[in-house]
Amino acid sequence: MRLYPGDVELLVTLARMPFLDRLELAALSGRSRAAVYQRIDRFTEAGLVESVGQASELVTPTRRFCLTARGVRRLASEEGVPVTQLLRTRPVSEQWRRLLLERLDLAAVIYRLAEQAAQFAFPLDLPWLRAAPMDALLELPGDLRAAVVRQGRTADRTGFAKRIRRLKETPGHGAVLILCPDETRLRHARRLVAGPPAIAFLALERDVALAGAEAAVWRGPTGAARLTLREALGYALPASGERSERPLVRVSMPEPLDPGFARASWMLPAALTTAEKRALDLVGDWPWLRPGHLAALLGVGRRRLTQLLARLDELGLITRLTRAGVPRLALSDRGLAYLARRDRTSVGIARKRWSPEPRWAGEAFDWRNVAGICSRQLLRNLEHTESVHWFNTLLARQAREQGARLVQLDPPHRASRYFRSFERMRSIQPDAYALVETPSGEQGFFLEWERRAVRPATMAARLAPYLRYYATARPIEDHGLLPRVLVVFEDELAADHFLRIAADAVARAEVPLPLLVSDRLRLEQHGPLGRAWRSIEHRAPRGLD
């Protein structure tokens, strides 16, 4: 196949930014969409490029393209450089391809960001980084360079704080663009990045993926104003003190992408569908979840759930365990590794906390024999764990029935909040945090499911952390609204007793605690969004509004 100068430019763009789709390639190369579609078809026929499918909740199904071994050799010949030099200076080696494939969902959103920036800043480059605290660098005309950081869904608070600290210690960029999975973590990240050396702008990952370049979705480290991407990058300073990343020690020619690629762990992001990825996220958030509860959270029927679980079973991503006569679902070690590599977190830490594998082979399996520390505790308190799952199921089902949207549903390890009270570090450790968008506005709430707080002293101890938290300004700072505290008991008698204890505690503390109390029976009858709640001020049942 004869290559024209424009063809070589397209191959160079794919060598610099592997796994672009056709529309992104057109935007970042400056060619028309029709020309890119035509040339990609010819490159594929000539064996210079190959593709994988990719889809997620934020990116519609598309084909993403990369150079084959023949394409790498042809590009090296056209540029007049040795193949080994091309493998070391561009992310086209087999090692680089595997790394980017593991992060394919991350790459897709960042490529959307680069596509938006190319509309007003052309030409630009997007060098990928392996071990640096940033994921990529957005290099713009005028020697402007912005670091791009994505906070993964499973990234914990401590790990991400360390990453931001390393970012501040890394020179070479004039601005930082941070993509966050939800509003709560965006506000936390905003506090982390405030101050020099580089100005930071933050946005929700969903807004970046779905909104256009002129959408005002970016927020600065302070203030309430929202900026477009053009306006945000207008504040970037020229880059200085560039520090290049060390090249890979070992590189090899890219291998063909086998159609039966699903068995290779680095190909999972391309092998899984959007529904399968969402199911894995939910099982990862709520270990030991019943299949019926998972179906309710996904909003699918039994037949569709059976198909999803069969596929995830086949790939070895989930574990099934029967407890109390009911099957339970948890991520396998392979499933945990998939999520950790996708979100650039530690595989070892994920397995240490959440592995469902037995600690001692050959012994009877019970909660003591679960390797993951957090999974072990959830299985030990299985009745409480299942009650929280049941509440989530009711909430998800009722939100769909009433035309509301469940924007955020955080498990305990993400629902916790840390704050200072009288110079001491304190925390609240709820069973869940949810944000629901209803026709009347957004409502956030913490959930506390109580099975043991039946004595006055125990009830008062459960309230104390929330009284300290709501005595500060942090509830509004953390969420942008005042979340309610929902406390659920197994029976109405315990709920009545708790309301009396809470009324005395709130009066003594003089803290306006937005507390609502219910019991299992009322929730079964009315649902979490219905008239199931009583407060200190209103003992008659009412809704959340």
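Predicted, not measured: the structure shown is a model, and the values here were computed from it.
- Listed for the Asp519 side chain is a donor-acceptor partner under 3.5 Å among the backbone atoms of Arg522.
- Within the cation-pi definition used here (under 6.0 Å to the ring centroid, within 45° of the axis), Arg417 qualifies as a partner of Tyr433.
- Taking the six-membered ring for Trp, His389 and Trp449 have ring centres at least 6.0 Å apart.
- Residues Val326 and Arg323 fail the side-chain proximity criterion, which asks for heavy atoms closer than 4.5 Å.
- Take Asp410 and apply the salt bridge (Lys or Arg N to Asp or Glu O under 4.0 Å) test, not counting sequence neighbours, and it matches Arg414.
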Between Leu204 and Val217, does a side chain to side chain contact (heavy atoms under 4.5 Å, CB included) hold up when you go through it step by step?
-> CA-CA 8 Å; Leu204 294 177; Val217 299; over 6 Å; no
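- Counting only heavy atoms from C-beta outward, the side chains of Phe445 and Leu395 approach each other to under 4.5 Å.
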Should Val488 and Trp533 be marked as a side chain to side chain contact (heavy atoms under 4.5 Å, CB included) after you check the CA-CA gap, both sets of side-chain angles, and the distance that decides it?
-> CA-CA 9 Å; Val488 182; Trp533 304 98; 3.8 Å; yes
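- When all heavy atoms of Leu186 and Leu202 are compared, the pair lying nearest together is O-CD2, 3.8 Å.
- Taking the side chain as every heavy atom from C-beta outward, Trp218 and Val208 approach each other to under 4.5 Å.
- Between atom CG of residue Leu515 and atom CZ of residue Arg484 there is a gap of 11.0 Å, rounded to the nearest 0.5 Å.
- Remark: the backbone N or O of Arg426 is not paired with any side-chain donor or acceptor of Arg420 at under 3.5 angstrom.
- Look at Arg380 and Asp366 and you find no salt bridge, because none of the NZ, NE, NH1 or NH2 atoms lies under 4.0 Å from a carboxylate O.
- Under the 4.5 Å side-chain criterion, counting only non-hydrogen atoms from C-beta, Cys180 is in contact with Ile178.
- Aromatic ring pairs are classed by plane angle as parallel below 30°, tilted from 30° to 60° and perpendicular above 60°; the pair His479 and Tyr469 is perpendicular.
- At least one donor-acceptor pair under 3.5 Å links the side chain of Thr273 to the backbone N or O of Glu276.
- The environment of CZ in Arg163 is crowded: more than 12 heavy-atom neighbours from other residues, nucleotides or ligands sit within 6.0 Å.
- Between Val506 and Val511, every side-chain heavy-atom pair lies at or beyond the 4.5 Å cut-off.
- Between Leu294 and Leu329 the shortest side-chain heavy-atom distance falls below 4.5 Å.
- Nearest heavy atom pair, residue Val59 against residue Ala108, reads CG2-CB, 3.9 Å.
- Without hydrogens or angle criteria, Arg112 side chain to Leu58 main chain gives no donor-acceptor distance under 3.5 Å.
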Take Arg185 and Asp478, measure what salt bridge (charged side-chain N to carboxylate O under 4.0 Å, His left out) needs, and give me the verdict at the end.
-> CA-CA 8 Å; Arg185 283 186 278 187; Asp478 287 342; over 6 Å; no
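- For Ser518 against Ala532, the heavy-atom pair with the smallest separation is OG-O, 2.6 Å.
- In this structure, Lys277 does not pair ionically with Glu57, as no charged nitrogen and carboxylate oxygen lie closer than 4.0 Å.
- Counting heavy atoms from C-beta on, the side chains of Arg353 and Ser375 never come closer than 4.5 Å.
- Salt bridge status for Asp491 with Arg520: absent, with no side-chain N to carboxylate O gap under 4.0 Å.
- The side-chain hydrogen bond (donor to acceptor under 3.5 Å, both in side chains) test with Arg153 is passed by exactly one of Asp105, Asp285, Asp343: Asp285.
- Minimum heavy-atom separation, Ala161 to Leu192: CA-CD1, 3.9 Å.
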Carefully, step by step, assess Ile199 and Val193 under the rule side chain to side chain contact (heavy atoms under 4.5 Å, CB included).
-> CA-CA 8 Å; Ile199 187 170; Val193 299; over 6 Å; no
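- Put simply, CG on Leu282 and CG on Leu331 are 10.0 Å apart, with the number rounded to the nearest 0.5 Å.
- Note that CG of Asp135 and CG of Leu106 are 4.5 Å apart. Values are rounded to the nearest 0.5 Å.
- Remark: Glu183 engages Arg219 in a salt bridge, criterion side-chain N to carboxylate O under 4.0 Å.
- When atom types are taken as modelled, the side chain of Thr438 and the backbone of Ala404 share no donor-acceptor pair closer than 3.5 angstrom.
- Side chain of Arg290 to main chain of Arg328: no donor-acceptor pair is present (N/O by atom type, distance under 3.5 Å, no hydrogens or angles).
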Run the side chain to side chain donor-acceptor pair (under 3.5 Å) check on Gln429 and Ser427 step by step: do they pass?
-> CA-CA 6 Å; Gln429 306 286 336; Ser427 69; 3.1 Å; yes
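- Judged by distance alone, the side chain of Thr319 and the main-chain N or O of Pro356 form no donor-acceptor pair under 3.5 Å.
- In this structure, the side chain of Lys352 does not engage the main chain of Ala371 through any donor-acceptor pair within 3.5 Å.
- Here the CG atom belonging to Leu467 is positioned 14.0 Å from the CZ atom belonging to Arg462, to the nearest 0.5 angstrom.
- A 6.0 Å sphere centred on CD of Glu383 holds no more than 12 heavy atoms belonging to other residues, nucleotides or ligands.
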Start with the C-alpha distance between Trp288 and Glu386, add both sets of side-chain angles, then the distance that settles side chain to side chain donor-acceptor pair (under 3.5 Å), and finish with yes or no.
-> CA-CA 8 Å; Trp288 313 119; Glu386 185 169 325; over 6 Å; no
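- Here CG of Leu233 is found 7.5 Å from CZ of Phe201. Values are rounded to the nearest 0.5 Å.
- The closest donor-acceptor contact from the side chain of Gln116 to the backbone of Ala211 lies under 3.5 Å.
- The 12-atom threshold is not exceeded at CD of Glu510, counting heavy atoms of other residues, nucleotides or ligands nearer than 6.0 Å.
- The closest donor-acceptor contact from the side chain of Arg468 to the backbone of Ile428 lies at 3.5 Å or more, if one exists at all.
- Minimum heavy-atom separation, Ala236 to Ala175: CB-CB, 3.7 Å.
- The two atoms that bring Arg400 and Leu297 nearest to each other are NH1-O, 3.9 Å, heavy atoms only.
- Salt-bridge check for Arg187 with Asp182: failed, with every basic side-chain N at 4.0 Å or more from each acidic carboxylate O.
- No salt bridge links Asp281 with Arg278; every basic N to acidic carboxylate O contact stays at or beyond 4.0 Å.
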Side chain to side chain contact (heavy atoms under 4.5 Å, CB included) between Phe489 and Met459, worked out | CA-CA 11 Å; Phe489 288 86; Met459 291 182 175; 4.3 Å; yes
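- A distance of 12.5 Å separates CD1 in Ile318 from CG in Leu321, rounded to the nearest 0.5 Å.
- Applying the salt bridge (Lys or Arg N to Asp or Glu O under 4.0 Å) rule to pairs touching residues 431-449 yields Arg405-Glu437, sequence neighbours excluded.
- Taking the side chain as every heavy atom from C-beta outward, Arg157 and Tyr418 approach each other to under 4.5 Å.
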